[in-house]
Amino acid sequence: MNFFVTIWCVTFMGLPIASLISKENDIKVIVDVLQSFHKPSNVIANLCWKSSTIKYLVTTLAELENPKSVKVVDEVKDKDLVSGGKNMFLVDVACKGVGEFLDKAQSRKYFARPYRWFVMNRPNTKKKVPSELDEIDILPDSEVYVAQSKNSSYNINLIYKINRNCDWIIEEYASWSTGSGLNMSSRVKENVIAIRRRNFQREPVVTSMVVSDNNTIADLELMKYKEVDPVSKSGYNQMTPLYEFINATRRLILTNTWGYNVNGSWTGIMSHLSQGKADLPGSVMILTNERMQILDYLSFPTPSSIKFIFREPPLSYQNNLYLLPFKSSVWYCIGSFVVVLIIAMYVNAYWEARKTAADEKKQDGSMVLIPKVSDVTVFVMSAISQQGSTVELRGTLGRFVIFILFLVFVFLYTAYSASIVVLLQSNSNQIRTLADLLNSKLELGAEDTPYNRHFFMTARDPIRKAIYEKKIAPSGSKPKFFNLVDGILQLQKKPFAFNSNLGSAYKVIEKYFYEHEKCGLQEIAFIQGNYPWMACRRGSPYREIFKLGLLRNAEHGLNDRVNRIMFSKKPVCTVRGGSFVSVSLVDCYPILLLLLYGMILGVLLLLAEVLHHRRCQLFSR
Ligand SMILES: *[C@@H]1O[C@H](CO)[C@@H](O)[C@H](O)[C@H]1NC(C)=O
Ligand SMILES: *[C@@H]1O[C@H](CO)[C@@H](O)[C@H](O)[C@H]1NC(C)=O
Ligand SMILES: *[C@@H]1O[C@H](CO)[C@@H](O)[C@H](O)[C@H]1NC(C)=O
Ligand SMILES: *[C@@H]1O[C@H](CO)[C@@H](O)[C@H](O)[C@H]1NC(C)=O
Ligand SMILES: *[C@@H]1O[C@H](CO)[C@@H](O)[C@H](O)[C@H]1NC(C)=O
């Protein structure tokens, strides 16, 4: 028979009290315990009581302050559960078929959070935990109340096991008597469940850890070699207070990668966690969508992230230095001014030539500017480039024009060269995004870690993909994955960007860089969601306890201590400008290009002249 009663706040009058005296106290206990949660509850009952007794239970529950719904069922079904609300299962072990009901509930994981159980034990027995519960995993995330009557008083206990193979731990919740009602124990009143259950009594808790070097295990506590496995070492030390908090034995299993989904199966730490071999990862993990199904992210112990670090490259890596000193409007003005001067000079020279022709070769004509466009242009060019000239203009007006010409270009030249000197020593701050990085002349490299290799190789969006294919692993050359110190030393020597864990990278930078080299360090993130979090296995019965322990570590400053030992913050730039950089070929590139084009043009003009000469000879014959 499956009767199904749902009643919301129904008042029911005229009960046949006499017939249910035997269960009256049981019902009062149930009601009082439910009341003590101070929360709405959805009660799912599996009881073999008389229907009048059940009716009485339902009515009493319905009269409570917090809304309650009651369903009496023979079998557990998902549809009976209220989502989001607190469900409480109610069973009486004296009933037949309870074993089956409990087994089904266990297979559906109803003994874990957030479900509550209220088990009515047989009256006046010595066994505080009924034998029906022996095979059931009631772990620290469960909430199972067992009520037992002794004469007219009741004891209500919470029971759980630390793990499947441990003995029962019995925690007194409250006592109940007809006279004084529910008397809750002070321990229960003061602490939440997770805190009360944090003592694991030296039971093992397994951590899966990444180790890439054979010496790491010996160095876990000393932390002497901070460049090797820094994430694992800091994770290990950040978990030590957690293990002390929960009084558990630390057991490590080692692997070589954090773990990614490869062809549908997990590797590394993720495989240990997904198979339930471990409860905790040994270090922080990067947040990804796929991992959310296996991991519960709990705390954020290490504010370090993985980014490209680079020193601001010289300005010439991004711009043509030789155009920068003047704004483009100034360049246009100079251009038009030159044209005006050429015209003025030409008019002058022409005028003067006519005058001297009239004076009949008084003087040597080789010193006078010939009124030809090419001669005048060469004259102006020599003024621009601060060269003298053998020819001149003799008249007052001509001299005045020459004076203006040279004076203007002296000032322009002074401004220009002063500006170039400054620009040669300045750095570019124009690299702000990954696209800038891709299009810059910087070389790129990455720290050789499993996560870098994974995230670079699996990058999907066009810019990240292009960065990997063009800059990190161009086809036909060795992929640029370096160990931390090698990468940082390259960063010191040449324009280079290195993707690595910032905290460890700055530690190495502090060690190897001169003060002035610590200036102008920039960061750009490549990996999305690059701030790693501490996590635990999703569905772990210890989740709440771990969470409290990890947050406690953060509150007590224990994480910060480890971070300060293992990692460094971005170094402060104290002596910017004290450095001196030699001019490199890159700086002179536009000039060399100009020279090359000039030479090519020269050769072409020569050829044209030779051809022209040949043709003239041909016609003159
Ligand atoms: C329960 O009652 C019986 C008899 O009435 C008595 O002998 C026994 O001591 C009582 N037990 C408790 C725990 O009070
Ligand atoms: C409640 O129980 C404690 C001991 O657990 C006892 O000292 C106290 O007197 C009890 N209170 C009532 C009202 O019975
Ligand atoms: C840790 O567990 C052991 C074994 O049960 C126990 O002896 C010890 O007192 C516990 N330590 C703490 C601090 O609770
Ligand atoms: C690390 O130890 C393993 C097994 O002991 C050995 O095979 C391996 O060569 C060692 N690696 C290094 C770098 O020493
Ligand atoms: C994953 O599958 C692809 C194609 O089926 C195969 O080429 C590749 O080797 C597999 N990778 C692993 C690690 O098994």
Side-chain angles (χ1 to χ4, degrees), residues 111-113 126-131 133-146 148 155-175 184-209 217 220-223 233-253 272-273 276-283 296 298-299 301 534-537 539-562 565:
F111 280 92
R113 240 167 61 93
K126 285 244 166 60
K127 277 192 88 166
K128 286 186 171 174
V129 180
S131 54
L133 293 179
D134 278 350
E135 293 301 310
I136 301 218
D137 296 335
I138 300 177
L139 298 172
D141 65 335
S142 67
E143 216 178 318
V144 178
Y145 299 83
V146 177
Q148 185 171 30
N155 282 327
I156 299 120
N157 295 321
L158 276 159
I159 60 165
Y160 72 97
K161 293 174 183 176
I162 292 167
N163 63 42
R164 212 161 282 182
N165 312 318
C166 284
D167 291 333
W168 288 110
I169 294 175
I170 295 169
E171 205 187 346
E172 193 191 329
Y173 180 71
S175 60
M184 282 173 61
S185 86
S186 54
R187 189 176 144 81
V188 168
K189 272 194 232 162
E190 278 158 21
N191 293 313
V192 295
I193 285 201
I195 290 289
R196 300 200 303 261
R197 296 182 176 179
R198 73 184 164 110
N199 189 351
F200 279 53
Q201 302 181 352
R202 316 283 343 145
E203 283 297 318
V205 170
V206 184
T207 297
S208 172
M209 194 166 73
I217 290 293
L220 277 178
E221 282 179 358
L222 298 174
M223 295 191 275
K233 284 177 192 173
S234 74
Y236 179 88
N237 286 287
Q238 280 171 341
M239 304 257 282
T240 307
L242 174 68
Y243 274 92
E244 278 162 19
F245 177 69
I246 65 178
N247 193 19
T249 306
R250 187 193 307 231
R251 192 163 290 169
L252 292 176
I253 45 179
H272 290 152
L273 291 175
K277 285 185 190 162
D279 272 299
L280 287 167
S283 62
D296 258 335
L298 299 178
S299 78
M534 187 64 211
C536 80
R537 177 167 68 83
S540 166
Y542 316 121
R543 176 185 183 276
E544 284 299 308
I545 303 174
F546 291 155
K547 189 169 101 186
L548 291 175
L550 291 170
L551 292 178
R552 172 182 166 273
N553 286 356
E555 280 173 8
H556 291 209
L558 299 168
N559 293 337
D560 201 33
R561 173 182 174 273
V562 178
I565 294 173

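Predicted model, so just to flag it, every value in this text is computed and none were measured. Order of appearance sets the numbers: ligands from 1, and atoms from 1 within every ligand.
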For atom 5 (O) of ligand 3, is the nearest protein heavy atom under 4.0 Å away?
-> yes
Flag: protein heavy atom within less than 4.0 Å of atom 14 (O) of ligand 3 | yes
Exactly one of Gln201, Arg202, Glu203 clears side-chain hydrogen bond (donor to acceptor under 3.5 Å, both in side chains) with Asn247, and that residue is Arg202
Heavy-atom contacts with Asn247 under 4.0 Å: which atoms of ligand 3 show up? List them by number with element.
-> 1 (C), 2 (O), 3 (C), 8 (C), 10 (C), 11 (N), 12 (C), 14 (O)
With rounding to the nearest 0.5 Å, note down the distance linking CD1 in Ile195 to CD1 in Ile193.
-> 12.0 Å
So does Arg197 pair up with Glu544, basic N to acidic O under 4.0 Å?
-> no
Please name all residues satisfying side-chain contact (heavy atoms from CB on, under 4.5 Å) with Val129, sequence neighbours left out, ordered by chain then number.
-> Leu133, Ile159, Trp168, Ile170
